[in-house]
Amino acid sequence: MMGLSFQDKNILAPMVRVGTLPMRLLALDYGADIVYSEELVDIKMLQCKRVVNDILHTVDYVSPTGRVIFQTCERERHHVVFQMGTADAERALTVATLIQNDVAGIDINMGCPKEYSTKILSTLVKGVSKPITCKIRILPSLTETISLVKLIEKTGVAAIAVHGRSKDERPQHPVHCDVIKAISQAVSIPVIANGGSQELIRQFQDIHAFRSATSTSSVMLARAAMWNPSVFRQEGLLPVETVIRDYIVYAVRYDNHYTNTKYCLCQMLRDQLESPLGKRLHAAQSTLEICEIFELSDFYESCRAAQKAKKADLQSVGLATTVKNDDEDLNAISLPIRFDKRKYMSQFTPKMLLLEWCRKMKLPQPVYHTVQRPVDRFFHSIVKVDERQYASTLWDKSKKLAEQSAAIVCLHTLGLTEVKMNESDSVQNRKRKLLCQIDEGIRLLNEEQNKKLHQHDPEHRQHHDPEHDAASF
C-alpha cells in the first residue's frame, strides 16, 4: 500500500479514448502528479499478453488480434493508476495481479455502485500490493451517499474519487460541491474532488479554489485537461497550438493509433473544428497526414527511421521483437498513396500491372496480406514481391481498395507508375502500352544493376543474371 500518496495532488481523470499514453505523459510534463488510464474492461485485459516492446521502450498489453489495449512506460510507472471496469471480484484480482508491477495503483470504476462493488474492493485490497482506489458518482440523497462512502472506506481503499453529480446529471448541471465536502468530512481517507471543469476550473489557480470549496485532499480534472492539459501548469496555460504539437510528438514516439490521436486533437481544437485547420485534421487518414498538417513531418520521418534502425539492431543480435504500427509496417516500404479507380481502366488495375511485371521477371506472383481494423472496419494491405514488402500508410474502405493501394506503392518504387493512355485507345492498344512500360522498366532496372556490378565487381561481368539483378533491386 506504500508508494503513492493521494494528499494534495492534481490528477488527470480517467477518460475513455483520451487517457491513453500520450495524454498521460503530456499531463505529467505539464505538472500533473497522478494520471489515470482510460477505463479498460477486465474481460478484455484477461485476453491480453504482456509484451516488452524494446523498440518503443514500452510495456504493451496486446490482444489476440495484435491490438495494443494498454500501453505504459517507465516515465509514468510511479504515477499511473490503471482504471478497471469489472463486475467480478476474481476477474478483477486476476487482472490486477497481471498489471500491478507496471502501474502505481489500481482503480475500480463504480460510477453506478452495485452490491458486489465493495466485495471487489475488499478482494483487491487483500490480494494486491499496490494502492486500490475507486471512483463514484453521488447518489440521489446525501444520506445514501454518506452510507456508501463509509462502506467503501471499510474495504481499506487508499482514496475515493467523487464526481459531484448523480448518474442522471450531465456536465451542464452544477457540480454539488457541498455533497463532496460532506463526503470528505465523513471519512478519514483522502477524497478526490471531480466535476469542476469549465464551471469552476479553467486555469491552474482554479484547481486550488475547487479543492478549498470541497475540503478535499486532491482534485481530479477531466474536461479541462482534455481541452488543454497545460491547465496543470503553475505558470499558466499554453496556446492550444503548442499543446497539440507536444501531444503529436508523444503520439508519434509511442506509435499511437492515428484515430485516437485525431480524436484527442479534435477535443483540443473545439470551436476551431470548422476552420480550414480543423477540416484538414478531420480529413487526415494517418499519423503522417496529421504531422504534415502541423508541420511535424520531418519529426515523423526521423522517428520512424530510428524505430526501423532499432529493430534492425535488435534483430542483428538475435533479439526478435515486434512492434505493431497502425499507420505502416516497419518492414515495408511505405508511401501515403491511395488507389483512385478513376485513373485506371477496369481491365488494367495496379494489381494486374504488378502481376504482369512479376511474370515478365519470372518471379512468384505477388502475395497480399490484408487486415481489418476493428475501430472503423477499414482495411490495410501489405504486398510481398520478391522478398520485399510494400504498403500504403493509408487505410481503405474495402479489402480490394487496400490491395490496389499496396500494389501502387510497389509499382511506384519500381518506377512503373507513369502509364499514360488516351480515352480513344483500344483495349489492345492499352495492353500494348502497359507491356511496353513493363519492358522499359525491366530494361532500366537491369541497366542500373549492370552499372553497380561493373563498379563493384568487374570479374562478374560475364556472369550477369537479370533475374538476380531484379531480386537485388
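The chain is numbered in sequence order, starting from 1.
A donor-acceptor pair under 3.5 Å is formed between the side chain of K262 and the backbone N or O of H282. With hydrogens and angles disregarded, no donor-acceptor distance shorter than 3.5 Å links the side chain of N109 to the backbone of C134. Under the 3.5 Å distance criterion, the side-chain polar atoms of R67 are left unmatched by any main-chain donor or acceptor of P64. The backbone N or O of T393 sits nowhere less than 3.5 Å from a side-chain atom of S334 that would complete a donor-acceptor pair. Formation of a donor-acceptor pair under 3.5 Å by the S37 side chain with backbone atoms of F82 is not found in this model. Put simply, the side chain of N228 never gets that close to the backbone of M268: no donor and acceptor are under 3.5 Å apart. Put simply, the side chain of S197 gets close to the backbone of A224: a donor and an acceptor are under 3.5 Å apart. Listed for the R338 side chain is no donor-acceptor partner under 3.5 Å among the backbone atoms of A402. With hydrogens and angles ignored, the 3.5 Å screen pairs a side-chain donor or acceptor of Q404 with a backbone N or O of K351.
Side chains of E301 and S297: a donor-acceptor N/O pair is absent below 3.5 angstrom, by distance only. Side-chain polar atoms of D60 and T58 form a donor-acceptor pair below 3.5 angstrom. Judged purely by distance below 3.5 Å, without hydrogens or angles, the side chains of T133 and D107 pair a donor atom with an acceptor atom. In this model, a donor atom of one side chain and an acceptor atom of the other lie less than 3.5 Å apart for T370 and S381. Side-chain N/O atoms of T20 and E38 include no donor and acceptor closer than 3.5 Å.
N10 has its side chain out of reach of S218: every pair of non-hydrogen atoms, C-beta onward, lies at least 4.5 Å apart. Within the 4.5 Å cutoff, no side-chain heavy atoms of C73 are placed close to those of V59. Between V81 and I34 the shortest side-chain heavy-atom distance falls below 4.5 Å. Taking the side chain as every heavy atom from C-beta outward, M23 and V35 never approach each other to under 4.5 Å. F339 places a side-chain heavy atom less than 4.5 Å from the side chain of P350. A heavy-atom distance below 4.5 Å is not found between the side chains of L4 and K9. Two residues are said to be in side-chain contact when any heavy atoms from C-beta on lie closer than 4.5 Å; L296 and R245 meet this criterion. Taking 4.5 Å as the limit, some side-chain heavy atom of T94 sits within range of a side-chain heavy atom of L46.
The aromatic rings of F70 and Y61 sit tilted, their planes meeting at an angle between 30° and 60°.
Just one residue in the list R137, R165, H163 forms a side-chain hydrogen bond (donor to acceptor under 3.5 Å, both in side chains) with N194, and that residue is H163.
Contact check on K362 versus D386 returns no salt bridge, with no Lys/Arg side-chain nitrogen under 4.0 Å from an Asp/Glu carboxylate oxygen. Taking a cutoff of 4.0 Å between a charged side-chain nitrogen and a carboxylate oxygen, E403 and K400 do not qualify as a salt bridge. R77 and D102 are not joined by a salt bridge, as no carboxylate oxygen comes within less than 4.0 angstrom of a charged side-chain nitrogen.
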| field | Worked check of side-chain hydrogen bond (donor to acceptor under 3.5 Å, both in side chains) between Q71 and Y254 | value | CA-CA 9 Å; Q71 183 181 55; Y254 291 103; over 6 Å; no

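Here M361 contributes atom CE and E356 contributes atom CD; the two are 12.5 Å apart, rounded to the nearest 0.5 Å. Interatomic distance, CZ of R280 versus OG of S275, reported as 10.5 Å (0.5 Å rounding). In this structure, H57 NE2 and R253 CZ are separated by 10.5 Å, a value rounded to the nearest 0.5 Å.
Listed here is the closest heavy atom pair of E289 and A283: OE1-O, 4.0 Å.
Atom CD of Q365 has 12 or fewer heavy atoms from other residues, nucleotides or ligands within 6.0 Å. Residue-environment remark: CD (E295) stays at or below the threshold of 12 foreign heavy atoms within 6.0 Å.
For the pair R233 and F204, the cation-pi criterion (under 6.0 Å, within 45° of the ring axis) is not fulfilled.
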